[in-house]
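The next block holds one structure in the form of structure tokens; read it before the comments.
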Amino acid sequence: MDEHYHPNKIEQEAQRYWEEHRVFKAREDSAREKYYCLSMFPYPSGRLHMGHVRNYTIGDVIARYQRMLGKNVLQPMGWDAFGLPAENAAMQNKVPPARWTWDNIATMRGQLKSLGFGYDWERELATCDPGYYRWEQWLFTRLFKKGVIYKKGGVVNWDPVDQTVLANEQVIEGRGWRSGALVEKREIPMYYFRITAYADELLAGLDHLPHWPEQVKAMQRNWIGKSRGMEVHFPYAPSPRSFPGAGEGGSKEVLKVFTTRPDTLMGVTYVAVAAEHPLAAQAAANHPQLRAFIEECKKGGVTEAELATQEKKGMATGEFVIHPFSGEKLPVWVANYVLMAYGEGAVMAVPAHDERDFEFAAKYGLPVKQVIRPTDGELSSPLTAAYTEPGILCNSAEFDGLDFEGAFHKMEDALKAKKLGASRIQFRLRDWGVSRQRYWGCPIPIIHCAACGDVPVPDDQLPVRLPEDIVPDGSGNPLAKLSGFYETTCPQCGKPARRETDTMDTFVESSWYYARYCSPDTTGGMVDERARHWLPVDQYIGGIEHAILHLLYARFFHKLMRDEGLVTGDEPFTRLLTQGMVLAETFYRVRENGKKEYFFPHEVTVERDAKGRTVAARLNSDGRPVTVGGIETMSKSKNNGVDPQELINKYGADTARLFMMFAAPPEQSLEWSDAGVQGAYRFLKRLWAAVFDNSSFLSAGAGRENIDWKDAVSEHAAVRREIHQTLSQINYDMGKRQFNTVVSGAMKILNALERAPGGKTPAPGYSQIIHEGLGILLRVLAPITPHITHCLWREFNFGGDIVDAPWPEVDESALISDTMDLVVQVNGKRCGQIRVASGAARAAVEAAALADPGVKRHAHGKQLKQVIVVPGKLVNIVVTE
RNA sequence: GCCCGAGUGGCGAAAUUGGUAGACGCAAGGGACUUAAAAUCCCUCGGCCUAAACAGCCGUGCCGGUUCGAGUCCGGCCUCGGGCACCA
């Protein structure tokens, strides 16, 4: 064995060994419990970043650990290969997106292999492969026939100069990112998935995912946004003008609103509509000021945070509606706090019981009418703030005295009798528009025929292949200019027809890849019976940024596939782990134009004070100070990213993996630290040295004679006890997926082993301890640092390969000690420590505690009230104060 | 504004769910080895008081409460992250 640790050499050897022996090939085996461990697949952007390394290390640690527990593990990897960046790169480099994408995949596959992840590469897939997207098209045609997919108009960003549709991220401050032209809103036909039909199931299913983070479930619940409420119709009051377009899609004589607080209906003092509401447009026709106000509303801030702090503004339309019960004439206002996209785009305003309405009414001098009182007590009059709690109705005529539920039902009956409303469930969730006017995506398998309409492409004509040799020029969708692509014939009537040139949202591909991995090679269907063997995914790992869209769409797709009989079960992912971000320190100077110029860490020298605190930093090139900008997410724009490849080249994959696991628990953010990386490397060097130092007798087969530990020197028995105690803690932490303390446990084991008294002629038990301790240590580390442990395990012939070695077991007998140390407290304050025999009776423990000098000092002159004994932990003497 | 999190040494963090606060590591300081450097090894390392202490006091964002005992539970505040589509 080599005296020194050479990571690059042993890592290449281990990786070659795994590949040659197809160690990670997953085979269906009904005799063993299956475990499907999946990390979110990457977009092939060109190179791995630290976020990938963290994500995939966490997944690999879990997969390898489960394998050592005896499970039959599947851990696949693939590529989320369609998307906008490939088109941008194509334009820049004049290379077709397909070529660019496949080149990137080759590079990144090599990087993943150099990190030693235990993937079954025989199941690799890329979503831009026709063998993959063919089945997506197949499912699309089925769902289209079923009505789960339908066509309707959708609003897009239109760049009038480039004559193209822009993604939201391509719109910068209202202008096209390339042309700089003012972006227009345009309505075009698009295909939609009817995800709202599954809203209830998607919401209820969250309650059956106990191993998902609460935060993610809360975000999905808010996104689906189910509320029970009432649709209320307000008839229009007679007016000099009529509104032919008012109340689009419904009756022309009423203004519809949706409310979750029908109990406050008698407190309505005005009605407010969104700026985009048809009624607003109608009223503005002869009202220039209103028209100007509506334009202003449309321009205003778009983010919620901006809107929340923004001043409430409105303007009366001059129109009125009639209250359904009181017959009162109520003014209709346009208000900037009403959203067109939710409910009816109109609200009934109850200033007394809604904070926003209260603020608005106060500003514009609209009346406030209290109709709810608390169950106990009264409100001050006049109201100084909205009372938003549910309570008892008052000032509400025949509804007085009812509570929320009572009022809800009585109001509904009364509204139904007048045909002016009914209860209903409102979701925030909207149907999922999947049409993209882009080239590098999965073609939508529809043919437009003048006679037959939208005809799905028949199975025997699938896949609709995307031409792969095109370089887009940024103006419009190249497919729409490619007659060879769009000219076709109608599958129904055989006449000339036009193929759909839109492609699908890339979220569609990533919504079912987890299922395809089970049978990636099947040409007979989307999935085959192997999907029923492996699904659901037992553990899914990825970034919190996918908490809503990706995870919701994948859950939706699983239900669609279930309803097609393709998979069983209701949910795709049993456990979810959302890993934290990778952060690093930033250094910058503010330039004259006010913009920050960021510097790489290697360009600056940090100055520290005597305690090691960072006090200042200087730029190496000019020696002048730079600002220490704090810890932020790694990004190109802040020059604080660290390239994983450099790290691997310098220290090896094991050091990179060890540091990632040790620096923070998986779900928390992780701060990059060069010194921390060196610390991880130092530990691996010490591990190597510990094995090397004992190699002579280990390789001679020593340490396997099973001595009786009672004969061993007490130091050796103590070391062994510490090792097994630590192993017990490691097992607990592994169950919690708290890998940072697993690493700390491994470090403790090595520290303990180094303390075991050895020497030229070691006492009985030494070789035994080293053999047993190193055997445990290597296995505990194997999931985290697979290469060095693979190498050392083989070096000493511990038996077989460490990937398949059984996870070590705690020897309970090693934990037993003759004596134990207990902490003694007086009134809960620690004041000493006693050593008693392990089996000591309570009376003996109390006596020993009372005899302790510390106790005597603290309890002197006070009266004993009580003695609390926590077995194995402490004794608390309670005395009078 | 609303919904989630989180506040513990110079730093990253730990504390097996109410029982010794700061494990493990990093940084820093001191020492050994070396011609020297790197590497390695040993010692110190929350604060205050003290010549020193295995003597005492304080200490887990702040204020209060429950308890024999609170980083952990409860109430009220403060600060910092993350998410958001003013959701009627």
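So you know, we letter chains A, B, ... as the sequences are listed, proteins then strands, and number each from 1.
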Base, sugar-phosphate, or nothing: which does [X] touch, judged by heavy atoms less than 4.0 Å apart?
X: A:E671; answer: sugar-phosphate
X: A:A663; answer: sugar-phosphate
X: A:A218; answer: nothing
X: A:E355; answer: nothing
X: A:V823; answer: base
X: A:D354; answer: nothing
X: A:V867; answer: nothing
X: A:G343; answer: nothing
X: A:Q833; answer: nothing

Counting only side-chain N and O atoms of [X], is one of them less than 4.0 Å from OP1 or OP2 of [N]?
X: A:Q668; N: B:A6; answer: no
X: A:K829; N: B:A70; answer: no
X: A:Q678; N: B:U40; answer: no
X: A:K685; N: B:U40; answer: yes
X: A:R682; N: B:C26; answer: yes
X: A:H4; N: B:A39; answer: no
X: A:K736; N: B:A15; answer: yes
X: A:S728; N: B:U16; answer: no
X: A:R356; N: B:C87; answer: yes
X: A:N827; N: B:U67; answer: no

Among the candidates [options], find the nucleotide nearest to the side-chain atoms of [X].
X: A:N222; options: B:C24, B:U20, B:C3; answer: B:C3
X: A:T741; options: B:A14, B:C86, B:G25; answer: B:A14
X: A:L339; options: B:C41, B:U16, B:A88; answer: B:A88
X: A:N740; options: B:A14, B:G19, B:C24; answer: B:A14
X: A:R686; options: B:G25, B:G19, B:A88; answer: B:G25
X: A:P665; options: B:A27, B:U20, B:A14; answer: B:A14
X: A:H858; options: B:C68, B:G25, B:C57; answer: B:C57

Rounding to an integer number of angstrom, what distance separates [N] and [M] when you compare their [atom1] atoms?
N: B:U72; M: B:C3; atom1: C1'; result: 25 Å
N: B:C26; M: B:C62; atom1: P; result: 30 Å
N: B:U50; M: B:C42; atom1: P; result: 34 Å
N: B:C74; M: B:U67; atom1: C1'; result: 12 Å
N: B:G22; M: B:C45; atom1: C1'; result: 12 Å
N: B:U60; M: B:A53; atom1: P; result: 23 Å
N: B:A13; M: B:A6; atom1: C1'; result: 14 Å
N: B:G71; M: B:U16; atom1: C1'; result: 15 Å

Take the protein atom [atom1] of [X] and the nucleotide atom [atom2] of [N], then report the distance between them rounded to whole Å.
X: A:I224; N: B:C87; atom1: CD1; atom2: P; result: 18 Å
X: A:F692; N: B:U40; atom1: CZ; atom2: P; result: 17 Å
X: A:M581; N: B:C80; atom1: CE; atom2: P; result: 17 Å
X: A:N751; N: B:C41; atom1: CG; atom2: P; result: 10 Å
X: A:E3; N: B:U40; atom1: CD; atom2: C1'; result: 12 Å
X: A:D733; N: B:U17; atom1: CG; atom2: C1'; result: 13 Å
X: A:E214; N: B:C4; atom1: CD; atom2: P; result: 11 Å
X: A:Y681; N: B:C26; atom1: OH; atom2: P; result: 15 Å

### Task
For salt bridge (Lys or Arg N to Asp or Glu O under 4.0 Å), just list the numbers for A:R842 and A:E846, CA-CA rounded to whole Å, side-chain angles, deciding distance to a tenth of an Å, and then say yes or no.
CA-CA 6 Å; A:R842 189 190 159 105; A:E846 281 188 25; 2.8 Å; yes

Look up atom [atom1] in [X] and atom [atom2] in [Y], then write down how far apart they are to the nearest 0.5 Å.
X: A:F408; Y: A:L265; atom1: CZ; atom2: CG; result: 11.5 Å
X: A:T259; Y: A:M348; atom1: OG1; atom2: CE; result: 3.5 Å
X: A:T655; Y: A:L684; atom1: OG1; atom2: CG; result: 4.5 Å

### Message
Evaluate A:Y270 against A:F360 for ring-ring contact (aromatic ring centres under 6.0 Å, His included), listing each step before the verdict.
### Response
CA-CA 11 Å; A:Y270 67 101; A:F360 192 85; 5.5 Å; yes

### Message
Under 3.5 Å for both pairing distances: what stems, at least three Watson-Crick or G-U pairs long, include RNA chain B?
### Response
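Stem segments, range with range: B:1-7 with B:78-84, B:10-12 with B:24-26, B:28-32 with B:40-44, B:46-48 with B:56-58, B:61-65 with B:73-77.
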
#### Entry: Considering all heavy atoms, the nearest A:G343-A:F258 contact
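In this case the closest contact between A:G343 and A:F258 is CA-CB, 4.5 Å.
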
#### Entry: Contact nearer the 5' end of RNA chain B, comparing A:V870 with A:R261
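The residue whose closest nucleotide sits nearer the 5' end is A:V870.
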
### Task
Would you list the pairs meeting salt bridge (charged side-chain N to carboxylate O under 4.0 Å, His left out) in which at least one residue belongs to residues 736-753 of chain A, sequence neighbours left out?
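Passing the test, one end in residues 736-753 of chain A: no pairs.
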
### Task
Answer whether the closest heavy-atom distance between the side chains of A:T578 and A:E545 falls below 4.5 Å.
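No - every pair of side-chain heavy atoms lies 4.5 Å or more apart.
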
### Message
Side chains of A:W688 and A:E3, heavy atoms from C-beta outward: is any pair under 4.5 Å?
### Response
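No - every pair of side-chain heavy atoms lies 4.5 Å or more apart.
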
### Partner set under salt bridge (charged side-chain N to carboxylate O under 4.0 Å, His left out) for A:K650, not counting sequence neighbours
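Here no residue qualifies.
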
### Message
Is it the case that the side chain of A:N876 and the backbone of A:G828 share a donor-acceptor pair, with hydrogens and angles ignored and the cut-off at 3.5 Å?
### Response
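A pair under 3.5 Å: yes.
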
